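Below is one structure, written out as structure tokens; comments come after it.
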Amino acid sequence: MADIAVDSNLTPAQMPQVRVAVLGAGKMGGILLQAFLKQNLFAPDQIHATVGHAERAIALSSQWGVNVGTDNVEAAKNADLILLGVKPFQVPDLVEQIRPALTTKKTIVSFAASVKTRAIEDAAGLEIAVIRAMPNTPSALGAGAAGLCKGRFVKPEQMDLAQRLFETVGRTVIVDEKHMYAVTGLSASGPAYIYIVIEALAEAGVKVGLPRDTATQPAAQTVFRAGKMVLETGYHPALLKDAVTTPAGCTIDGILELEEGGLRVTLIKAVMRATQRAKELAAG
Ligand SMILES: NC(=O)c1ccc[n+]([C@@H]2O[C@H](COP(=O)([O-])OP(=O)(O)OC[C@H]3O[C@@H](n4cnc5c(N)ncnc54)[C@H](OP(=O)(O)O)[C@@H]3O)[C@@H](O)[C@H]2O)c1
């Protein structure tokens, strides 16, 4: 995935008082970290990131201009806000490892799929604020959709801070923790469904005579603009669909095919299955 260019910025950071640790600055952690810098939420010297491999730490350190190492305890000790970006199976061990650095004044934000706030609280062994987030890959372009939920010890200002973090890479919704599986099945997995829709539309363009190179762009642009219309007008998608559907025109014929092919039910089932799978993964 392409890195986001980080502009050098001489204006003061928006949150100069918060020191941040990103433990596991991989794909998603790296996307967030670079967005924080790009939007000047934090200055580079407020951020301490870690990865698993020392040589990667050196490379990322010079690429991002922030302190990147492999010592999680040191990074967590100096941080007010601790982001967990390792793989889900690594989270409990990582939290136990950084226990000596944790206090009830700190905030943990985990974006590991299917890891419950309760599991993190238990691994931490104290009444610490734990916020769980489920972002998605379009976050790399600032077009992400993240669901957030809070653990038992989170104060409103800590939730506001977490929301601000994820708003640097897109839109957020706050949900009860029981709905995090649904967020996973819908918006975290969702880009994959939509890429298939775009691919299929482009394939259809080829079928009706467009050159392949010409077909993909209008397909992707149509999906992008249709999503933008829903977000920016606030209209129900059905109303927007009706506006495209002229009586006895072309679109209604296309819609009849979609309904007969079961697109609507198939998408609903895809989200249901992915949600179910997220639950299974949480159960271990
Ligand atoms: N990618 C997505 O679309 C997405 C979406 C939502 C949520 N998530 C969640 O984000 C988390 C990370 O996923 P990812 O796709 O970003 O994976 P990733 O690129 O593999 O990132 C994991 C990072 O953890 C580092 N790491 C491994 N062991 C470590 C340790 N002991 N201490 C510190 N860092 C360590 C790795 O370092 P090395 O590179 O040196 O091995 C790597 O940088 C997962 O829990 C996933 O569920 C991802």
Side-chain angles (χ1 to χ4, degrees), residues 1-4 20-36 47-64 66-79 82-99 101 108-117 119-120 123 130-149 162 165-166 168-173 175 180-195 274-275 277-282 284:
M1 185 163 299
D3 285 323
I4 302 163
V20 188
V22 183
L23 309 183
K27 280 191 283 299
M28 190 48 74
I31 287 169
L32 285 167
L33 186 153
Q34 290 175 89
F36 299 158
I47 302 177
H48 188 158
T50 63
V51 290
H53 297 88
E55 65 282 7
R56 194 162 157 66
I58 293 166
L60 289 174
S61 210
S62 68
Q63 186 186 332
W64 293 336
V66 304
N67 182 357
V68 186
T70 54
D71 187 338
N72 293 312
V73 178
E74 193 203 340
K77 199 185 291 168
N78 297 319
I82 301 167
L83 270 66
L84 305 181
V86 293
K87 295 287 187 194
F89 76 91
Q90 297 177 296
V91 170
D93 284 351
L94 174 62
V95 178
E96 285 195 18
Q97 185 195 353
I98 62 169
R99 248 187 195 204
I108 296 178
V109 176
S110 164
F111 47 90
S114 296
V115 180
K116 292 181 183 159
T117 54
I120 297 171
V130 178
I131 294 159
R132 182 173 154 198
M134 182 40 59
N136 64 3
T137 48
S139 301
L141 299 176
L148 302 176
C149 71
L165 299 181
F166 287 92
T168 62
V169 291
R171 295 182 183 236
T172 60
V173 288
V175 296
M180 287 302 275
Y181 305 112
V183 170
T184 307
L186 175 58
S187 57
S189 302
Y193 314 151
I194 299 305
Y195 296 138
T275 302
R277 183 67 188 136
K279 275 186 200 164
E280 288 165 12
L281 290 174

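All of these numbers come straight from a predicted model, not from anything done at the bench. Each ligand, and each atom within it, is numbered from 1 in the order the structure gives. Reckoned from all heavy atoms, side chains included, excluding hydrogens, waters and symmetry mates.
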Any side-chain donor near an acceptor of the partner, N136 and S187, under 3.5 Å: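 Judged by distance alone, the side chains do not pair up.
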
Judging by distance only, is a nitrogen or oxygen of [X] under 3.5 angstrom from one on ligand 1?
| X | answer |
| --- | --- |
| A113 | yes |
| Q90 | yes |
| P135 | no |
| L94 | no |

Give the numbers and elements of all ligand 1 atoms closer than 4.0 Å to a heavy atom of [X].
| X | result |
| --- | --- |
| V86 | 11 (C), 12 (C), 24 (O), 26 (N), 29 (C), 34 (N), 35 (C), 44 (C), 45 (O) |
| G26 | 16 (O), 19 (O), 21 (O), 23 (C), 42 (C), 43 (O) |
| T137 | 3 (O) |
| R56 | 38 (P), 39 (O), 40 (O) |
| P88 | 44 (C), 45 (O), 47 (O) |
| A25 | 43 (O) |
| A112 | 45 (O), 47 (O) |

Nearest protein heavy atom with distance in Å, relative to [atom]:
| atom | answer |
| --- | --- |
| atom 24 (O) of ligand 1 | G24 CA, 3.5 Å |
| atom 22 (C) of ligand 1 | G85 O, 3.6 Å |
| atom 8 (N) of ligand 1 | F111 O, 3.6 Å |
| atom 26 (N) of ligand 1 | G52 N, 3.5 Å |

Heavy-atom distance to [atom]: which of [options] wins?
| atom | options | value |
| --- | --- | --- |
| atom 41 (O) of ligand 1 | H53, M134, K27 | H53 |
| atom 20 (O) of ligand 1 | K87, E55, M28, Q97 | K87 |
| atom 31 (N) of ligand 1 | L281, V91, N72, V183 | N72 |

From CA spacing to verdict: side-chain contact (heavy atoms from CB on, under 4.5 Å), L94, L84: CA-CA 9 Å; L94 174 62; L84 305 181; 4.0 Å; yes

Carefully, step by step, assess I31 and V169 under the rule side-chain contact (heavy atoms from CB on, under 4.5 Å). CA-CA 8 Å; I31 287 169; V169 291; 4.1 Å; yes

Does this structure show an ion pair linking E280 with R277, if we count only N-O contacts that are shorter than 4.0 Å?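 Salt bridge between E280 and R277, a charged N being under 4.0 Å from a carboxylate O: yes.
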
Restricting to non-hydrogen atoms, name the atom on A57 and the atom on T70 that form the minimum distance, rounded to 0.1 Å. CB-CG2, 4.4 Å

If you apply the rule side-chain contact (heavy atoms from CB on, under 4.5 Å), what do you find for F111 with M134, and how did you get there? CA-CA 5 Å; F111 47 90; M134 182 40 59; over 6 Å; no

Where do K77 and E74 land on the salt bridge (Lys or Arg N to Asp or Glu O under 4.0 Å) test, with the steps shown first? CA-CA 5 Å; K77 199 185 291 168; E74 193 203 340; over 6 Å; no

State whether Y181 and R132 meet the cation-pi test: NZ (Lys) or CZ (Arg) under 6.0 Å from the six-membered ring centroid, and within 45° of the perpendicular axis.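 Yes, a cation-pi geometry holds between R132 and Y181.
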
Only one of I120, I108, L83, V109 passes side chain to side chain contact (heavy atoms under 4.5 Å, CB included) with I131, and that residue is V109

Let's go through V68 and T50 carefully: what are the C-alpha distance in whole Å and the side-chain angles of both, what is the deciding distance for side-chain contact (heavy atoms from CB on, under 4.5 Å) to 0.1 Å, and is it a yes or a no? CA-CA 5 Å; V68 186; T50 63; 5.9 Å; no

